[in-house]
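Structure, as structure tokens:
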Amino acid sequence: MKSDASAAREIYDAVREEGERELDRPLRSLFWSAATAGVLMSLSVVVSALLAKAAGHDHPARTLIVALGYPSGFLLVMLGHMQLFTENTITTVLPVLERKSASCLRRSALLWGVVLGANVLGAGAAAAALVFGMMPAEVVPAMVDVAREATSGSFGGVFAAAIPAGFVIAVLVWVTRLQRQRVLLIALFTWVIAAAHFKHVIVGSVEMFVLLFTDGLSALSLVLTFFLPALAGNVVGGTLMFALMAWAQVSEESKDADDGQKRGSTGTEPASAQG
């Protein structure tokens with residue numbers, strides 16, 4: 001049986017190597033993968049709206065029932081290895097922490113910009129298609145209600161609620177890399193995000209566009225009150241919290257292993273081992 005340290009290192013290496021591969025991919029490939037992910041994330045809103053319509057406004061477990069639709073988009077995107085911004089808050093950050101180079105940091109920042117922009121474009125295109133004819137007219141009001149509930153709140157409230165969402169998605173990236181129960185884990189913990197009213201910037205972008213197209217709300221207002229605080233909170237939860245924690249738990253072991261390799265290559269031993 002593997003020790004906790006070796007198991008953690010194995011997961012860390014798997015996530016970091018995935019990040020290395022993403023950093024090496026052509027930007028055009030990243031763009032189309034991320035745009036597809038933005039479109040697919042609209043399914044979380046669609047299924048949630050269908051459940052909201054079925055449950056009605058007065059059902060005592062309405063929040064928990066509606067949240068069952070939330071994993072739909074995540075399952076397709078994460079199992080299909082599409083580019084989702086909140087996954088990149090850990091995968092492409094670990095190579096930066098490992099290399100500590102300006103060029104790697106620039107490449108990671110460029111990838112973040114491309115993926116986030118394409119996710120939002122895909123979300124906007126999907127929302128437009130749903131509102132302007134793809135979604136049955138009788139379901140649109142339920143979709144608007146879901147969107148309004150999900151994007152409501154003050155700047156500080158949305159920011160605070162986005163931190164655990166970013167953290168949970170980063171944890172899912174970590175724990176599902178070497179686990180077979182990926183579907184169950186993704187479904188359970190993304191359901192928790194919705195049930196607890198945490199904020200996810202990409203699903204929220206679909207909902208933000210739905211409100212923009214139906215309620216006539218100001219785009220600037222939606223960006224300032226939802227998009228920016230949700231984005232900042234997801235980054236704090238995914239990168240400043242979990243990615244740094246994941247790196248910190250293996251960094252000393254990596255340093256010890258590197259020191260051991262150097263000693264082995266020079267034929268020297270630590271003082272405690274010399275007779």
(message) Apply side chain to side chain contact (heavy atoms under 4.5 Å, CB included) to residues Gln83 and Arg25 and explain how you reach the verdict.
(response) CA-CA 11 Å; Gln83 288 292 319; Arg25 291 183 66 186; 3.5 Å; yes

(message) So which atom in Leu224 and which in Pro229 form the shortest heavy-atom distance, rounded to 0.1 Å?
(response) O-CD, 3.5 Å

(request) Report yes or no: does Lys199 contribute a side-chain atom to a donor-acceptor pair with the main-chain N or O of Ala150 at less than 3.5 Å? (result) yes

(request) Determine whether the aromatic ring centres of His200 and Phe74 lie less than 6.0 Å apart. (result) yes

(request) Check whether any side-chain heavy atom of Leu27 sits under 4.5 Å from a side-chain heavy atom of Val114, and report yes or no. (result) yes

(message) Applying side chain to side chain contact (heavy atoms under 4.5 Å, CB included) to Leu50 and Lys53, what does each step give before you reach the verdict?
(response) CA-CA 5 Å; Leu50 292 172; Lys53 185 176 184 299; 5.8 Å; no

(request) Answer yes if Ile90 and Leu97 sit in the same cluster of Ile, Leu, Val, Met, Phe, Trp and Tyr residues linked by side chain heavy atoms under 4.5 Å apart, and no otherwise. (result) yes

(message) With rounding to the nearest 0.5 angstrom, report the CD to OG1 distance, Glu20 to Thr92.
(response) 10.5 Å

(message) Restricting to side-chain hydrogen bond (donor to acceptor under 3.5 Å, both in side chains), what partner residues turn up for Thr91, sequence neighbours left out?
(response) Asn88

(message) Looking at Arg148 and Asp215, is any side-chain nitrogen of the basic one under 4.0 Å from a carboxylate oxygen of the acidic one?
(response) yes

(request) Would you indicate whether the side-chain heavy atoms of Val206 and Ile202 approach each other to under 4.5 Å? (result) no

(request) Verify whether the ring centers belonging to Phe155 and Phe159 lie closer than 6.0 Å. (result) no

(request) Answer yes or no: are there more than 12 heavy-atom neighbours, outside Phe31 itself, under 6.0 Å from its atom CZ? (result) yes

(request) Return the minimal non-hydrogen interatomic distance between Leu75 and Ala187, and the atom names on each side. (result) CD2-N, 4.2 Å

(message) Can you list everything that forms a ring pair (Phe, Tyr, Trp, His ring centres under 6.0 Å) with Trp112? Sequence neighbours excluded, please.
(response) Phe85

(request) Taking all heavy atoms of Val45 and all of Val203, pick out the closest pair and write down the distance. (result) CG2-CG1, 4.0 Å

(request) Kindly work out whether a path of hydrophobic side-chain contacts (I/L/V/M/F/W/Y, heavy atoms less than 4.5 Å apart) joins Val96 to Ile11. (result) no

(request) Calculate, to the nearest 0.5 Å, the distance between atoms CG and OG1 belonging to Leu76 and Thr36 respectively. (result) 11.5 Å

(message) Could you measure the distance from the CD atom of Glu207 to the CZ atom of Phe226? Nearest 0.5 Å is fine.
(response) 6.5 Å

(message) Would the distance check show the side chain of Ser72 and the main-chain N or O of Gly69 forming a donor-acceptor pair, the cut-off being under 3.5 Å?
(response) yes

(request) Applying salt bridge (Lys or Arg N to Asp or Glu O under 4.0 Å), run through Asp24 and Arg107 and close with a yes or a no. (result) CA-CA 9 Å; Asp24 290 337; Arg107 178 67 182 180; over 6 Å; no

(request) Could you walk me through whether Thr225 and Ser154 pass the side chain to side chain contact (heavy atoms under 4.5 Å, CB included) test, one step at a time? (result) CA-CA 6 Å; Thr225 60; Ser154 63; over 6 Å; no

(request) Side-chain contact test, heavy atoms from C-beta onward, threshold under 4.5 Å: evaluate it for Leu244 versus Thr239 and give yes or no. (result) no

(request) Compare every heavy atom of Ala67 with every heavy atom of Ala194, then report the nearest pair and how far apart it is. (result) CB-CB, 3.6 Å

(request) Verify the distance criterion only: is there a donor paired with an acceptor across the side chains of Tyr12 and Glu17 at less than 3.5 Å? (result) no

(message) Tell me whether Met208 shares a hydrophobic cluster with Tyr70, the cluster being built from Ile, Leu, Val, Met, Phe, Trp, Tyr side chains joined at under 4.5 Å.
(response) yes

(request) Give the cluster check for Val131 versus Val139: same hydrophobic cluster or not, with ILVMFWY residues linked at side-chain heavy-atom distances below 4.5 Å. (result) yes

(message) Can you tell me how far apart CE (Met82) and CG (Asn119) are? Round to the nearest 0.5 Å.
(response) 11.5 Å

(message) In the structure I gave you, are the side-chain heavy atoms of Leu130 and Ser42 within less than 4.5 Å of one another anywhere?
(response) yes

(request) Heavy atoms only: give me the nearest Phe227-Ser205 pair and the separation to one decimal. (result) CE1-OG, 3.5 Å

(message) If I take atom CE from residue Met78 and atom CD from residue Glu87, how far apart are they, to the nearest 0.5 angstrom?
(response) 4.0 Å

(message) Let me confirm one number: the NZ-CG distance from Lys100 to Leu105, rounded to the nearest 0.5 Å.
(response) 12.5 Å

(message) With heavy-atom distances below 4.5 Å as the criterion, would you say the side chains of Phe167 and Val171 are in contact?
(response) yes

(request) Could you check Thr89 against Asn234 for side chain to side chain contact (heavy atoms under 4.5 Å, CB included), going step by step and ending with a plain yes or no? (result) CA-CA 8 Å; Thr89 57; Asn234 285 172; 5.7 Å; no

(message) If hydrophobic clusters are built from ILVMFWY residues whose side chains come within less than 4.5 Å, do Leu68 and Leu184 share one?
(response) no

(request) Would you check if Leu185 and Arg182 make a side-chain contact, meaning some heavy-atom pair closer than 4.5 Å? (result) no

(message) I'd like to know if the side chain of Ser108 and the backbone of Cys104 have a donor-acceptor N/O pair within less than 3.5 Å.
(response) no

(message) So Ile169 and Leu172, do their side chains get closer than 4.5 Å, heavy atoms only?
(response) yes

(message) Do Thr151 and Val158 make a side-chain contact, defined as non-hydrogen atoms from C-beta onward lying under 4.5 Å apart?
(response) no

(message) Quick check: closest heavy atoms across Pro71 and Trp191, and the distance to 0.1 Å?
(response) CG-N, 3.9 Å

